[in-house]
Amino acid sequence: EDKVVQSPLSLVVHEGDTVTLNCSYEVTNFRSLLWYKQEKKAPTFLFMLTSSGIEKKSGRLSSILDKKELFSILNITATQTGDSAVYLCAVGGVSWGKLQFGAGTQVVVTP
Amino acid sequence: DVKVTQSSRYLVKRTGEKVFLECVQDMDHENMFWYRQDPGLGLRLIYFSYDVKMKEKGDIPEGYSVSREKKERFSLILESASTNQTSMYLCASSRLAGTYEQYFGPGTRLTVT
């Protein structure tokens, strides 16, 4: 059975801190790993990773995939209160188009 | 910009009622999905559709059905609502091939009393 596990489930940090979120997976015929950010509304797309070892970066957010060890990390540097959200990891495998989601990590950034 | 809209943001229904949740996308996407989101469980796939009139069961289809009569519209039906179907329901769409990126609607928070 496909599985996506995120850790930690929640964390609280101060503005300016760096946050590292983890996502490990066991998925048949892995194709892609995606990160989404969800505030109190629809999840919004952050990154899609398909190749191992290549970092994707957008502003203060970055992510990398390790296909050998079956995990990805999402880093947020110099956190701001606007980074407070649930961060979702999802993996695409054998069935084209379908995603298997993790439970999410709730990040709270305090001023 | 891709837009996925859902018919209601909040809905309150009674046990045993038939409930319709509607989703419309404007990007001519082939794939459409219905998820429910519960605390600690993440997004779980209920049903998805890769073409008009085509549907496939997801991980938790029991108690639900779907309808896709037009490409842009995907409906989720709760035949007889129960309290354990109280949840946030999210609709999403994506292209048929080439990417796994899904675009989400704002969600419908359904409460069954």
Side-chain angles (χ1 to χ4, degrees), chain A residues 1-11 21-25 27-51 56 58 63 65 72 85-108, chain B residues 1-6 8-10 23-27 29-51 54-61 68 74 87-109:
Chain A
E1 185 182 317
D2 293 348
K3 202 162 51 169
V4 179
V5 178
Q6 293 186 244
S7 63
L9 287 183
S10 66
L11 71 164
L21 308 182
N22 302 289
C23 176
S24 64
Y25 63 89
V27 171
T28 306
N29 287 343
F30 170 89
R31 291 208 173 103
S32 289
L33 186 144
L34 289 80
W35 285 98
Y36 283 84
K37 177 182 181 182
Q38 185 179 23
E39 297 167 271
K40 291 192 185 298
K41 48 186 178 177
T44 52
F45 173 77
L46 293 174
F47 299 111
M48 183 165 69
L49 303 111
T50 54
S51 301
K56 291 258 180 134
S58 175
S63 183
L65 175 67
S72 173
V86 174
Y87 290 84
L88 298 166
C89 173
V91 176
V94 64
S95 293
W96 188 264
K98 280 179 64 179
L99 290 173
Q100 183 79 29
F101 281 85
T105 295
Q106 170 91 54
V107 175
V108 175
Chain B
D1 268 358
V2 176
K3 198 161 181 189
V4 180
T5 56
Q6 295 183 227
S8 308
R9 289 302 306 275
Y10 300 94
C23 174
V24 177
Q25 50 94 4
D26 67 358
M27 275 302 289
H29 283 168
E30 292 83 5
N31 292 337
M32 295 189 76
F33 306 83
W34 275 107
Y35 296 91
R36 63 177 282 176
Q37 184 175 28
D38 300 289
L41 296 177
L43 273 68
R44 293 180 292 166
L45 182 65
I46 305 171
Y47 268 97
F48 71 101
S49 168
Y50 53 89
D51 200 354
M54 305 302 289
K55 61 186 179 187
E56 289 206 23
K57 292 180 180 179
D59 300 319
I60 51 164
R68 193 160 179 206
F74 192 34
S87 187
M88 170 68 84
Y89 289 87
L90 288 164
C91 174
S93 71
S94 72
R95 293 205 314 261
L96 181 63
T99 179
Y100 280 88
E101 184 181 347
Q102 294 182 12
Y103 297 83
F104 285 84
T108 295
R109 183 161 293 284

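First the proteins, then the strands, lettered A, B, ... as listed; each starts at 1.
Closest approach of B:Leu45 and A:Lys98 over heavy atoms only: CD2-CE, 3.6 Å. The shortest non-hydrogen separation linking B:Tyr100 to A:Met48 is N-SD, 3.9 Å. Closest approach of A:Ala42 and B:Phe104 over heavy atoms only: CB-O, 3.7 Å.
If you measure heavy-atom distances from B:Asp59 to chain A, the contacts under 4.5 Å come from the side chain alone. Of the two parts of B:Arg9, only the side chain, counted from C-beta on, holds a non-hydrogen atom closer than 4.5 Å to a non-hydrogen atom of chain A. Both the backbone and the side chain of B:Leu43 have a heavy atom closer than 4.5 Å to some heavy atom of chain A. Contacts between A:Gln106 and chain B at a heavy-atom distance below 4.5 Å are absent for every atom of the residue. Contacts between B:Tyr35 and chain A at a heavy-atom distance below 4.5 Å involve the side chain alone, from C-beta outward. Contacts between B:Gln37 and chain A at a heavy-atom distance below 4.5 Å involve the side chain alone, from C-beta outward. Residue contact with chain B, scored on non-hydrogen atoms closer than 4.5 Å, involves the backbone and the side chain of A:Leu99 alike. Neither the backbone nor the side chain of A:Gln6 comes within less than 4.5 Å of any heavy atom in chain B.
Counting non-hydrogen atoms of neighbouring residues, nucleotides and ligands closer than 6.0 angstrom, the CZ atom of B:Arg44 exceeds 12 such neighbours.
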